[in-house]
Engineer: 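To start, I am sharing the structure in question, which I have written as structure tokens.
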Amino acid sequence: MSFDTEAAKLDSVVNLIIKIDGIYFAQRQIDSGLVIDSDKLGLIRRAKISGNSVDIRKVKTSIASLTFDLLDKNGFMSTFLMTKDDNYLEKNVELLAGFNTGSFDFADYKRFTTTKLKSITKSSNAYAFRCDEITSKIKEQAYVNFSELTSGINDSQTTIDLADASSFPATGRVKINNEYMSYLSILDDTLQSVTRSDLSSTSTTHSSGTVVSIVTEIEDNPIDIMLDIMQNVLLIPTIEIDLASFISIRDTYFPTRKLRFQLTGQEDVLTFFEKEILQVTNCRITSIDGLIGLAIFDQTDFTVQPVEMDEDTIEGTPNWKIGSDKIVNEIIINWNYNEGQNTYSRVSTFKDSDSVSLFGPKKTLVYNFKGVRADLDGSQIVSNMGARLLARTKNTQADIKVNTLFDQSSLKVGDDLAVSHRFIPGQGAGLGMADQRLEIMSKAFNFDTKRVTFKLQFTSFSNLRIGLIAPSPLIVSVTDQKTFEVPIGTQYKAGYFLRVWDIIANDYYPDAPIEILSVTGNIITMANNFTTTLTTSTRVKFPTYSQSSDLQSSKYAYTAPNTHIFPDGKKAFEILFS
């Protein structure tokens, strides 16, 4: 039985399962596939997953948390927790959801998150648990490898005595205070054949007891750098990483891109990712089905049909807001970093004069990218990132909040949506939020209300309408005068209007536009019969702008009169070259 099928039903009965270090708790007994111990049934009082949210202007990864209560019936939970030395803290916690239908098997339950248990709070008759999602595993130290000088050195000495060189590579680079040095070998605990003033740093004296840090140089694809550090430095198990999301983004958008870093003592790897890789690539770390995943923004593939969200999907009334506080009309990027001198030799500025004239000068965004190098095609990297971000932030943007049932829970932060709703301003209404592609910027779950809350923003550039080219295929086969087959049924939906086209006369047949009643696979069923006899030599086309549905007219590239205004007063599409 499908999870999504049951999740779309208003009267479905959700059953939650919480798995703590391999031990299952559930609200109710599962229909089949797994038997929950009786003392672990009915203890779950509430469960909620806070939202993952992202911002295109700056990267600050929001680590979602799972919170839930387990009732302390007959003191069971007290015994369960207090008889274990670690009280299950830092243990894996998973939340799964399914339904009680009489035949809903455990194999069809859906895992919503994998977390680490961080805190337990006791109330009068229950325990409240807080868990951080799996992305918190990246907030760890790395490359913290060092020793100390056992004797001072002058500004030209080429041997360096360390307290312990056992963890140092046979040849490599070190950093002492602000000076970088390279060495060719190690004898006992002494670095040999040391080159001073490495990486254009300044040679100077260093006193006994000064910290000597190992420097690790990394030059690689930015996505591969993240994967390597997570898997081989932080030792995050591969099964906890959604490798497909990382590899797909790498191969699609950054197949040849490279960054270079000289790394010492990263106190927080996630912060390093955010500042030096995620902002450069416009990617974000997120959670995908309980695994560490990667999302990319402002790189929409318009050949792929987005998920459509309309009044049949959205619960209640959407909320939206628009303001000027997040407008950015100037971006400065410092890059081509010199470690030895602690300076950036290149500065790129992006400024939009029209936005400044319209809204006034806004706070400048300044980025410092250490890994972007001139000899690694840094100019193209910076130009692409700066221009795209400025184009997206120079005008006002709407934030839209919608609630759906759990059947939409498979949607992820970063996914594209096509949203249509009567209470969201459509194209031509000035704001123009609906009927175009939006991105999911935040996602949260409330299992008590059985709702998913999404926050959405514009994909790509503000105020840009994406006019799709309407399909106009020959009919593949005919069932009757209102039922026929087309090559690609996904290009149509119920509510669209169609007309039939004479391929000889190169004009519409006299039949009036007819509404599509249903689309099943590639089979279209119209609300009424066409008068013209349908054959495989008949072409089906969209009618004119005024004869089409509102959804059609907002999504597709219709032509308008020479006034560039459609009969309903909305502006036509424009093709701009720059």
Engineer: Decide if atom NZ of K110 counts as having more than 12 heavy atoms of other residues, nucleotides or ligands within a radius under 6.0 Å.
Structural biologist: yes

Engineer: Side chains of N282 and Y253: closer than 4.5 Å at any heavy-atom pair?
Structural biologist: no

Engineer: Taking atom types as modelled, find out whether S287 and T135 have a side-chain donor-acceptor pair closer than 3.5 angstrom.
Structural biologist: no

Engineer: Do F261 and I225 have side chains that approach each other closer than 4.5 Å (heavy atoms only, starting at C-beta)?
Structural biologist: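 The answer is yes, as the side chains (C-beta and beyond) meet within the 4.5 Å cut-off.
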
Engineer: Please name the pair of heavy atoms, one in L456 and one in L417, separated by the smallest distance, quoted to 0.1 Å.
Structural biologist: CD2-CD1, 3.7 Å

Engineer: Among I18, L117, T113, find the one that has a side-chain contact (heavy atoms from CB on, under 4.5 Å) with L66.
Structural biologist: T113

Engineer: Minimum heavy-atom separation for I333 to V382, with atom names?
Structural biologist: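 Taking every non-hydrogen atom into account, CD1-CG1, 3.8 Å.
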
Engineer: Under a 3.5 Å threshold, yes or no: a donor from one side chain and an acceptor from the other, between D352 and S355?
Structural biologist: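 Note: D352 and S355 side chains miss the donor-acceptor criterion.
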
Engineer: Cationic tip of K443 within the cone over F445's six-membered ring, i.e. under 6.0 Å and within 45° of the normal?
Structural biologist: no

Engineer: Say you draw a straight line from NZ of K137 to OG1 of T114; how long is it, rounded to the nearest 0.5 Å?
Structural biologist: 9.0 Å

Engineer: Is it true that the side chains of Y344 and N338 contain a donor and an acceptor less than 3.5 Å apart?
Structural biologist: no

Engineer: Taking ring pair (Phe, Tyr, Trp, His ring centres under 6.0 Å) as the cut-off, I'd like each qualifying pair that reaches into residues 221-242, sequence neighbours left out, listed once.
Structural biologist: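 As it turns out, there is no ring pair (Phe, Tyr, Trp, His ring centres under 6.0 Å) pair with a partner in residues 221-242 once direct neighbours are skipped.
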
Engineer: Using ring centroids (six-membered ring only for Trp), state whether Y545 and Y556 fall under 6.0 Å.
Structural biologist: no

Engineer: Taking the six-membered ring for Trp, are F99 and F406 closer than 6.0 Å centroid to centroid?
Structural biologist: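 Here the rings of F406 and F99 have centres that are no less than 6.0 Å from each other.
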
Engineer: For the atom pair NZ (K401) and CE (M441), what is the distance rounded to the nearest 0.5 Å?
Structural biologist: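 Reported to 0.5 Å precision, the distance equals 16.0 Å.
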
Engineer: Indicate the atoms forming the closest heavy-atom contact of I63 with S136, along with that distance.
Structural biologist: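 Heavy-atom minimum between the residues: CD1-CA, 3.7 Å.
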
Engineer: Does the pair D310/K493 count as a salt bridge with the N-to-O cut at 4.0 Å?
Structural biologist: yes

Engineer: Please answer whether the main-chain N or O of A374 pairs with a side-chain N or O of N336 as donor and acceptor at a distance below 3.5 Å.
Structural biologist: yes

Engineer: When you check the gap from the basic side-chain N to the acidic O, do E90 and K118 get nearer than 4.0 Å?
Structural biologist: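 Yes, E90 and K118 are salt-bridged.
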
Engineer: For E217, does the CD atom have more than 12 heavy-atom neighbours from other residues, nucleotides or ligands under 6.0 Å away?
Structural biologist: yes

Engineer: Tell me whether R373 is salt-bridged to E339, with the criterion being a basic N under 4.0 Å from an acidic carboxylate O.
Structural biologist: yes

Engineer: How far does CZ of F297 sit from CG of D415, to the nearest 0.5 angstrom?
Structural biologist: 9.0 Å

Engineer: Going by an N to O cut-off under 4.0 Å, is there a salt bridge joining K116 and D132?
Structural biologist: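 Answer for the salt bridge query: no.
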
Engineer: Can you see which heavy atom on L270 is nearest to which on D268, and at what distance?
Structural biologist: N-OD1, 3.0 Å

Engineer: Heavy atoms only: give me the nearest N177-K175 pair and the separation to one decimal.
Structural biologist: O-CE, 3.1 Å

Engineer: Can you tell me if N368 and N334 form a side-chain donor-acceptor pair at under 3.5 Å?
Structural biologist: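 Yes, because at least one side-chain N or O of N368 sits under 3.5 Å from a partner of the opposite role on N334.
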
